[in-house]
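First the structure, in the form of structure tokens, and then the observations on it.
Side chains included, hydrogens not; waters and symmetry mates left out as well; all remaining heavy atoms used.
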Amino acid sequence: MSEKTLKDWEQLAEKELKAPPESLLWHTVEGIDVKPLYTAQDLEGVNHLDSLPGFAPFVRGPRATMYAGRPWTIRQYAGFSTAEASNAFYRRNLAAGQKGLSVAFDLATHRGYDSDHPRVEGDVGKAGVAIDSVEDMKILFDGIPLKEMSVSMTMNGAVIPILASFIVAGEEQGCSRAELSGTIQNDILKEFMVRNTYIYPPEPSMRIVADIIEYTAREMPRFNSISISGYHMQEAGATLVQELAFTLADGREYVRAAIAKGLNVDEFAGRLSFFFAIGMNFFMEIAKLRAARLLWSSIMQEFKPQKPGSLMLRTHCQTSGVSLQEQDPYNNVIRTAYEAMSAVLGGTQSLHTNALDEAMALPTDFSARIARNTQLILSHETGVTKVVDPLAGSYYIESLTNELAEKAWALIEEVEKLGGMTKAVGDGLPKRLIEEAATKRQAAIDRGEEVIVGVNRFRLETEEDIDILAIDNSAVRTSQIRRLEEVRRQRDPKRVEETLAALTEVARSGDGNLLAAAVEAARARATVGEISDAMRAVFGDHTAVPEVVSDIYGAAYADDPEYKTLVNRLAGYSNASGTPKIMVAKLGQDGHDRGAKVIASAFGDIGFTVLAGPLFQTPEEAADLAVAQKVQVVGMSSLAAGHQTLAPQLVQALKAKGAENVIVVVGGVVPRQDYDYLLENGVAAVFGPGTNVLEAANRVLDLLEGKRRNT
């Protein structure tokens, strides 16, 4: 295209717009300026354009024929309640066309606690399936032939006892460990950054990762030893550049750890896999997957592999949970469909589509069927499987791929200068950058700069309740405790003691493989909690110190009249009664703290004195801290369905300490159907998904002023 032709277009565009075309520049949160028009000139200097699918650097896909040869694997990430209930759900889904299983575990299991532990009363069976021993694992896969079924398990903190129990369950089903296929997430670094379902400190945690890579490389040739996850980073608020950079930097760190164990890179590189979130930025998500393959190929060349496949990035994708909204929830079907198509056009190897109700609860059979059929229709009716990499050569896609890769590489290099990802995580760099990005995005949503249909624009006047899946937490826990007692009664106590002692010695000495020792303990029917504790005795527990970013939310509102009115209103209250102090609390084993951190940051900027409570508190511990710190408000953040158990317990604990005047509010993933129950049990206000932060702050101030008038 000649310069004259481009000038002609600019003049025509300016005439139509009555403004220069530059006024249409989209300044993305990634720092990329997206233009309204792309031409061949935008591809000058882009070096990956001559690549082919199946060949390094794999920009166009890891396999030569991609979906024309075999469609992606349709997975549904699911697990809830008991092993029996999850097993029945899996069987129904497999009969309806699902091709692989992705297991979600409850938070008690993630954190290495048995279901009878007093710290997990509100968590058992709530956000996934409760697994306490091999017996639960056998029930989970009853009637599902593990010789034929690929199983993906999202597990990191308690990865050793869970994988050990899976191996033993397979053997007792008649499937040797060499025949087991699937993936274990085993990605602990991102837990320290965003998801927080860790158990041990970083160094021993990295040893666990390396031991699993070693064991599976030598014993389980069909099993992927790690799924390096950017998904939870984006869900926590990371930009796509941050998700890309930190995920690949994590992968580089795991490769180094495995090589340090004495493994040759070609022994394990072909069975590393990745896991990315797919949000609503349709074209950028496509470009992100292409850039990921480009960058990973470059990173792996550092380790001088001999096999071409060792340079290949393979990935599972999941549609975004954060993009799902409680308001007008059937819009979520549309969001998920667009995200699914984006993942497929980007070249994912497997895909999970979220259900429309997952902004509020676990999916029902009805919503799960729609989510699964989204993929079936995409695969069988749209023609996307007929052509390999249909968007290759697009001026926009190729330019975007290149720019994402360049920006992500700059951030990867910043991590390298700090000494690698383990050091960067210890320094808090990734966590801080992600929390800043999350807070900026929330401000953009609250201001209406980022439109979310049905939430901050085009809202319904009245919202109708929809059917959601409710889990009777107390019944599940009772059932699990009963089976635990039976397992402990029937096993050989001496053998359990010996195998757990052997595991502790492997942890202490550094000699041997932790997973190999845990398999023997699981075979003896040691429980998930006992195996975790055998390593805890040596490694200890990791405790994070909560930190809150500042001057991010407030800066976005610098000249906003509504914000200034609220700040002045709070200042007036503070002059009369002292600055109000609010504690943002995370109770139970729910480590998802994006919402809590955003609220703490925004409320701090508005002028509240904010105390960010530590993760994993019991209601009693939170009440003790609230009383000791003399807070006026406790804001409980809930994302894992424990609110019905834990919030009333918090109210009662405060009352028992003579602090019934402390206001308790609850925010997060709380279905509307639960509001009345919480309000009847002492909660003063409930802030569900999509709540505007300024509205929440005004409501809290209303409550404080009402209390002052009544005292």
Side-chain angles (χ1 to χ4, degrees), residues 105 108-117 119-120 130-138 153 155-172 176-177 180 184-188 191 197-220 223 225-226 257-258 260-263 484 487-542:
F105 298 94
T109 305
H110 272 289
R111 294 268 294 142
Y113 293 115
D114 289 331
S115 295
D116 59 355
H117 197 284
R119 298 194 73 85
V120 300
I131 297 292
D132 291 317
S133 73
V134 170
E135 294 304 316
D136 288 328
M137 197 69 83
K138 287 169 68 176
M153 292 179 284
M155 178 52 65
N156 302 282
V159 63
I160 288 283
I162 286 299
L163 186 51
S165 297
F166 177 70
I167 290 167
V168 175
E171 290 174 351
E172 295 185 7
S176 70
R177 68 189 69 168
L180 289 169
I184 190 81
Q185 193 163 97
N186 192 29
D187 174 10
I188 200 62
E191 299 295 331
T197 52
Y198 45 68
I199 300 174
Y200 316 109
E203 286 191 12
S205 295
M206 285 296 291
R207 179 184 164 193
I208 287 170
V209 170
D211 276 15
I212 289 172
I213 293 174
E214 178 187 51
Y215 184 95
T216 53
R218 292 171 178 168
E219 302 283 338
M220 303 172 72
F223 202 82
S225 53
I226 190 167
K261 288 285 293 183
L263 291 175
L484 266 170
V487 166
R488 289 169 179 152
R489 188 168 56 250
Q490 293 181 352
R491 67 190 185 180
D492 179 349
K494 185 172 185 296
R495 188 175 168 219
V496 173
E497 184 179 342
E498 289 172 350
T499 56
L500 289 174
L503 174 59
T504 299
E505 181 55 30
V506 171
R508 179 176 291 112
S509 68
D511 296 328
N513 185 285
L514 291 165
L515 179 56
V519 167
E520 296 308 312
R523 190 174 285 120
R525 292 312 188 263
T527 67
V528 167
E530 290 166 339
I531 292 172
S532 299
D533 286 346
M535 293 184 289
R536 265 191 179 104
V538 177
F539 298 152
D541 283 282
H542 176 69

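- Asn186 contributes atom CG, which lies 4.0 Å from atom CD1 of Ile212 (distance to the nearest 0.5 angstrom).
- For Glu497, there are no salt bridge (Lys or Arg N to Asp or Glu O under 4.0 Å) partners at least two apart in sequence or on another chain.
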query = Do Leu515 and Glu219 pass the side-chain contact (heavy atoms from CB on, under 4.5 Å) test, and can you show the C-alpha distance, the side-chain angles, and the key distance before you say yes or no?
reply = CA-CA 11 Å; Leu515 179 56; Glu219 302 283 338; over 6 Å; no

key: Check against side-chain contact (heavy atoms from CB on, under 4.5 Å), Phe539 and Arg207   = CA-CA 11 Å; Phe539 298 152; Arg207 179 184 164 193; 4.0 Å; yes

query = Step by step, would you call Met153 with Gln185 a side-chain contact (heavy atoms from CB on, under 4.5 Å)?
reply = CA-CA 6 Å; Met153 292 179 284; Gln185 193 163 97; over 6 Å; no

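- Taking CD1 of Ile162 as the reference point, atom CZ of Phe105 lies at 4.5 Å (rounded to 0.5 Å).
- Shown here are the side-chain hydrogen bond (donor to acceptor under 3.5 Å, both in side chains) partners of Thr197, two or more places apart in sequence or in another chain: Glu191, Arg195.
- Ring orientation note: the planes of Phe166 and Phe223 are tilted relative to one another, at an angle of 30° to 60°.
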request  = For Ile160 and Met535, run side-chain contact (heavy atoms from CB on, under 4.5 Å): C-alpha distance rounded to whole Å, both residues' side-chain angles, the deciding distance at 0.1 Å, then the answer.
outcome  = CA-CA 10 Å; Ile160 288 283; Met535 293 184 289; 3.7 Å; yes

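- A search for ring-ring contact (aromatic ring centres under 6.0 Å, His included) contacts involving Tyr113 returns His117, not counting sequence neighbours.
- Counting all heavy atoms, side chain and backbone alike, Val120 lies closest to Ser115 at CG2-O, 3.9 Å.
- The shortest non-hydrogen separation linking Val506 to Ala517 is CG2-CB, 4.1 Å.
- To the nearest 0.5 angstrom, Thr216 atom OG1 is 10.0 Å from Ile184 atom CD1.
- The minimum heavy-atom distance linking Ala522 with Ile531 is given by the pair N-CD1, 4.0 Å.
- The CG atom of Leu484 sits 11.5 Å away from the CZ atom of Arg489 when rounded to the nearest 0.5 Å.
- Of all the heavy atoms in Tyr215 and Arg177, the pair that sits closest is OH-NH1, 2.7 Å.
- Applying the side-chain hydrogen bond (donor to acceptor under 3.5 Å, both in side chains) criterion to Arg218, with sequence neighbours excluded, gives Glu214.
- Residues meeting the side-chain hydrogen bond (donor to acceptor under 3.5 Å, both in side chains) test with Asp136, sequence neighbours left out: Gln480, Arg483.
- For residues 523-537, the pairs satisfying side chain to side chain donor-acceptor pair (under 3.5 Å) are Asp114-Thr527, Glu135-Arg525, Glu171-Arg523, Glu172-Arg525, Arg491-Glu530, Glu520-Arg523, Thr527-Glu530, Asp533-Arg536, Arg536-Asp541, with sequence neighbours left out.
- With respect to Lys494 and Glu498, a salt bridge is recorded, a charged nitrogen being found less than 4.0 Å from a carboxylate O.
- Counting non-hydrogen atoms of other residues, nucleotides and ligands closer than 6.0 Å to CD of Glu203 gives a total of 12 or fewer.
- Between Val528 and Ala158 the shortest heavy-atom distance is CG1-CB, 4.4 Å.
- Checked by atom type and distance alone, the side chain of Asp211 pairs as donor or acceptor with a backbone atom of Leu514 at under 3.5 Å.
- When all heavy atoms are compared, the tightest approach of Pro201 to Gly540 is CD-O, 3.5 Å.
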